[in-house]
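All heavy atoms count here, side chains included; hydrogens, waters and symmetry mates do not.
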Amino acid sequence: LHLSIRRQRQMCIRDSVLHQADLDGIFILDTRPILDYFTRSALLAADLVLVPVKDRPSLVNAASLLLEVRGAGGATDKFWLLPSLIDSRLRLREHIGVREFLVESARERGYQVLDTFISKSPKVESLTTNLSSRVYPVLTHARHTAVHAQFRQLADFVLQCRQAFVPSSPQSLHDPAQAVMPSRLSH
């Protein structure tokens with residue numbers, strides 16, 4: 001009962017803030033990887049949570065995020081794992097790459113995994129590790145790269161999810177029974 005009341009209070013606060021701000025669009029919040037109060041609140045209030053995973057420890061971290069939300073009475077169907085910083089040249093075994101390992105391990109645990117992924121790319125890394133110490137965005141400085149296309153696929157997925165939460169009536173905004181999340185994003 002206490003958890004349900006806390007969840008309702010968080011949703012009420014979120015709806016109130018969004019209403020007062022008269023925001024229409026997508027709000028992206030990149031939280032710290034530790035489970036502090038702000039991260040917990042963001043996880044519970046979010047319509048969509050994308051969890052980047054790049055290795056086995058990040059899968060363990062994803063599990064702790066899901067346990068936290070489940071324990072607080074939040075919906076876990078909004079969680080999607082996104083394989084990230086994948087170097088397709090690396091193989092764990094003869095026929096299994098890092099991406100295949102992450103996807104299979106995540107699905108064995110019952111996690112939703114995006115079909116797209118974000119590659120590790122020397123060109124993209126050079127956008128942040130240059131001598132001018134200026135960070136260049138992928139959107140404008142890495143066009144025609146695999147990473148740019150992958151971010152576009154990710155943006156398409158987020159937009160599809162947003163459509164699932166656009167209210168047709170005032171109560172459907174955060175009613176999971178009325179929101180239909182897209183399955184996965186194909187690449």
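Between Leu81 and Leu59 there is a side-chain heavy-atom pair separated by less than 4.5 Å. Using a 4.5 Å cut-off on side-chain heavy atoms (C-beta onward), Leu82 and Val53 make no contact. Using a 4.5 Å heavy-atom threshold, the side chains of Val98 and Leu85 count as separate. Between Arg40 and Leu35 there is a side-chain heavy-atom pair separated by less than 4.5 Å. Residues Thr116 and Asp156 form no side-chain contact, since every pair of their non-hydrogen atoms from C-beta on lies 4.5 Å or further apart. Taking 4.5 Å as the limit, every side-chain heavy atom of Lys54 sits out of range of all side-chain heavy atoms of Pro83. A heavy-atom distance below 4.5 Å is found between the side chains of Val113 and Arg107. The closest side-chain heavy-atom distance from Ile118 to Pro52 is not below 4.5 Å.
Here the NE2 atom belonging to His148 is positioned 11.5 Å from the CD atom belonging to Gln153, to the nearest 0.5 angstrom. Between the CG atom of Leu48 and the CZ atom of Phe79 there is a distance of 9.5 Å, given to the nearest 0.5 Å. Here OG of Ser119 is found 8.5 Å from CZ of Arg99. Values are rounded to the nearest 0.5 Å. The distance from atom CG of Leu44 to atom CD of Glu68, rounded to the nearest 0.5 Å, is 7.0 Å. Note that the OH atom of Tyr111 and the CH2 atom of Trp80 stand 15.0 Å from one another [nearest 0.5 Å]. Note that CG of Leu65 and OG1 of Thr76 are 12.0 Å apart. Values are rounded to the nearest 0.5 Å.
Around CZ of Arg109, the count of heavy atoms belonging to other residues, nucleotides or ligands within 6.0 Å exceeds 12.
A donor and an acceptor atom, one from each side chain of Thr39 and Asp36, are located under 3.5 Å apart. Side-chain contact, Asp55 with Ser58: a donor N or O sits under 3.5 Å from an acceptor N or O.
Connection of Val103 to Ile96 is established within a shared hydrophobic cluster, with ILVMFWY side chains joined at heavy-atom distances below 4.5 Å, either directly or through further cluster members. Under a hydrophobic clustering in which Ile, Leu, Val, Met, Phe, Trp and Tyr are joined whenever their side-chain heavy atoms come within less than 4.5 Å, directly or via other members, Leu159 and Phe157 fall into the same cluster.
Panel note: side chain Lys78, backbone Leu50; no donor-acceptor pair is recorded below 3.5 Å. Using modelled atom types, one side-chain atom of Glu100 and one backbone atom of Gly97 make a donor-acceptor pair closer than 3.5 Å.
The minimum heavy-atom distance between Arg56 and Leu102, with the atom names listed, is N-CD2, 4.5 Å.
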